[in-house]
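Worksheet: the structure to be examined is printed underneath.
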Amino acid sequence: MSSHRKYDAIVVGGGHNGLTCGAYLARAGKRTLVLEQKPYVGGASVTEEFSPGYRASTYAFILGHLHPKVIEELELRKFGLEYYPQPNVFNPTKDDGIIFSKDPVKTREQIARFSQSDAENYPKFFARLQSTIEILRRLQLETPVNPFRKDPAGIMRTLGFAWRYRNAEKEVYNLLHALSMSAHDYVGQWFENDLVKAKFMFWATIGGNVGPYSPGTAFYLVTHLIGQTGMSFCKGGMGAIADALAASGEAHGMEIRCEAWVEEILVRDGRAYGVRLRSGEEIHASRVVSNVNVRRTFLDMVDRSHLPEAFVDDVEGFRARGMGFKLLCAVDRLPQYKGFSQEKTGVDYPAYAHICPTPEFLEQAFHDAKFGWYSQEPFLSPNVPSYTDPTLAPEGKHVVVFQGGVTPYELRNSDWDREGPQVVRNAFAVMDRFAPGFSDSVIDHKLITPKDIEADINMPGGNSQHGELTLDQIFFMRPVPRYADYRSPVKRLYQCGASTHPGGAVSAVPGQNAAREILKDWRWRA
């Protein structure tokens, strides 16, 4: 059974990058179809009801990485996207706490309450960090080069890349430090107080598989600070991003089909020409673009006879192990941190917090998980989106969303059905230490482990980045060598998901970059 209509492009997967790529292609006049396996689009960028009357951003939770270029060019505000800033992050101790904000003067004042030396070093640290962030922001929108291509076009691309960054010597050296140093050593160059150090080291835990004392984790710290939209949250949750992207694409003719599970990407004579759905229906197109994880795309959807053996080996080696958990809680009152003081911090309420009082606290959480178990005292990132957006909970009630760690994908000699309740108890015990009575306020909750993420949104390993951001899996190595430019060994089969450069977080940059390369090929190849 085949569809009668032929499309210019089929996008497999209606996550935010797939919708972004499809919207750009539709705006360029291409007949574009987005196929999504679930009843609604969004992938990891969704808002779902997890308990009657309570809604939350199930996976991704912060808008700050969504690129301003995409917001502007796809007119997302026009299509309903609204967001609000969350200007402060509270890091509590048992009897005190510190507020970090975008205001450098106020942040220095807060740091000075704990260490005058650290307050003096903060601007120096920020200046160093900022130079690394700026070069990463430039690199985000680059199509990775293959420095080993020997044909004239490949050589010219590499030379052009080198020329564009010829004056970035200092920034490149700073970036190399981040790629090689541990977050602990990187932060320790500037700060002495444990709470201050733990605050910055916390960013190195998100999406990573090793603790912040391990080499290379400073890079995670930097990548989680490159967002240009600021620390912002969506009105209505992260599903609002997917809704706006979908509306933007549909306004220019993009079609979306949900509950359409792609079983196979069709290839003939080395060229993709469509897809076959689980129902048996075939849909044909001039181009196929996969927003699905690289392992699912090429190990499950493409017949291996169409792929070079070396490419398959590289794809099989792409690491995508997840280590973090989400915990969605419906509560009858706001968490009350015993270390919080309006007078000392200058804010009304800490709606977003990082619970990680010391560097050792963070490292110990990973140590517990090294050998196939979970953290006895998980670090937590509680966020109360309903404090600013009351549409997410019934009147007088609230939603508290935790990002936490560490929960490995697989457990040794047990499974998550048995151990999940204990993870929840561990998380509540930590929260109760800093916000007494929190566990008594919980009406309902939902735990999401890496296994759950994989099962629900077809993301191997449940890794929030689609794949680890390590030296061997970034830029021209992502997802695999020789195919980091959003193309693949199969002609007219492209990649646009977070497996590609620059990786995860809801930035929409992989989708935008991929669309640019697809349209470039369209101009030069009939």
Side-chain angles (χ1 to χ4, degrees), residues 11 13-27 34 40-47 56-87 89 102 133-134 136-142 203 206-207 220 222-251 254 291 352 381 383 385 388-389 392 401 403 457 459 464-466 469 496-516:
V11 179
H16 81 279
N17 278 309
L19 293 170
T20 299
C21 185
Y24 273 103
L25 295 179
R27 282 172 174 262
V34 177
Y40 44 84
V41 295
S45 185
V46 291
T47 307
S57 299
T58 310
Y59 303 113
F61 73 105
I62 194 166
L63 174 135
H65 286 264
L66 187 61
H67 204 283
K69 175 181 174 69
V70 175
I71 295 174
E72 181 69 23
E73 292 180 347
L74 297 186
E75 304 176 284
L76 298 188
R77 292 187 187 89
K78 171 184 172 182
F79 291 103
L81 180 64
E82 296 182 50
Y83 52 92
Y84 53 90
Q86 175 58 264
V89 180
K102 294 188 69 174
I133 289 170
E134 288 303 323
L136 283 175
R137 285 175 175 171
R138 288 180 62 190
L139 288 169
Q140 268 192 313
L141 298 177
E142 293 275 0
W203 294 105
I206 301 173
Y220 275 93
V222 177
T223 59
H224 285 288
L225 297 175
I226 65 175
Q228 299 179 57
T229 310
M231 192 167 63
S232 300
F233 292 87
C234 288
K235 182 178 181 180
M238 293 296 281
I241 296 176
D243 292 343
L245 287 167
S248 175
E250 288 174 328
M254 183 176 79
N291 183 45
Y352 186 34
S381 178
N383 169 39
T388 307
D389 184 0
L392 298 173
V401 178
Q403 301 273 151
I457 56 175
M459 187 183 292
S464 62
Q465 300 287 330
H466 263 225
L469 290 174
C496 74
S499 299
T500 63
H501 169 74
V506 182
S507 70
V509 173
Q512 188 272 338
N513 287 355
R516 182 185 63 230

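A search for ring pair (Phe, Tyr, Trp, His ring centres under 6.0 Å) contacts involving Y220 returns nothing, not counting sequence neighbours. With sequence neighbours left out, the side-chain contact (heavy atoms from CB on, under 4.5 Å) criterion links A44 to Y59, I457, M459. With sequence neighbours left out, the side-chain contact (heavy atoms from CB on, under 4.5 Å) criterion links K235 to E82, D389. Not counting sequence neighbours, the partners of Y40 by the side-chain contact (heavy atoms from CB on, under 4.5 Å) test are K38, V46, E48. Remark: E134 pairs with Q130, R137 by the side-chain hydrogen bond (donor to acceptor under 3.5 Å, both in side chains) rule, at least two apart or across chains. Applying the side-chain contact (heavy atoms from CB on, under 4.5 Å) criterion to I62, with sequence neighbours excluded, gives M231, F233. Qualifying salt bridge (Lys or Arg N to Asp or Glu O under 4.0 Å) partners for R138, counting only residues two or more places apart in sequence or in other chains: none. Not counting sequence neighbours, the partners of E142 by the side-chain hydrogen bond (donor to acceptor under 3.5 Å, both in side chains) test are R164, Y165. A search for side-chain hydrogen bond (donor to acceptor under 3.5 Å, both in side chains) contacts involving H67 returns Q228, not counting sequence neighbours. Taking the side-chain hydrogen bond (donor to acceptor under 3.5 Å, both in side chains) definition, one finds that H466 meets it with S499, sequence neighbours left out.
Between the SG atom in C234 and the CG atom in L66 there is a gap of 7.5 Å [rounded to 0.5 Å]. Expressed to the nearest 0.5 Å, how far CG of L225 lies from CD1 of I133 amounts to 5.0 Å. With values rounded to the nearest 0.5 angstrom, I71 atom CD1 is found 6.0 Å from L81 atom CG. Interatomic distance, L76 CG to D243 CG, rounded to the nearest 0.5 Å: 11.0 Å. Note that CG of L392 is 7.0 Å distant from OG1 of T47, once rounded to the nearest 0.5 Å. In this structure, W203 CH2 and T223 OG1 are separated by 10.5 Å, a value rounded to the nearest 0.5 Å.
No side-chain heavy atom of M254 sits less than 4.5 Å from a side-chain heavy atom of Y24. Looking at heavy atoms from C-beta onward, V401 lies in side-chain contact with P385 at the 4.5 angstrom threshold.
A salt bridge (charged side-chain N to carboxylate O under 4.0 Å, His left out) check over residues 57-71, counting only residues at least two apart or in different chains, returns the pairs K69-E73. Counting only residues at least two apart or in different chains, side-chain hydrogen bond (donor to acceptor under 3.5 Å, both in side chains) contacts with residues 501-516 comprise T143-R516, Y486-N513, N513-R516.
Closest of all the heavy-atom pairs between A498 and P510 is CA-CG, 4.5 Å. Counting all heavy atoms, side chain and backbone alike, A60 lies closest to V506 at CB-CG2, 3.4 Å.
Judged by distance alone, the side chain of S248 and the main-chain N or O of L74 form a donor-acceptor pair under 3.5 Å.
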Point to revise | Steps toward side-chain contact (heavy atoms from CB on, under 4.5 Å) verdict (Q403, N383) | key: CA-CA 8 Å; Q403 301 273 151; N383 169 39; over 6 Å; no

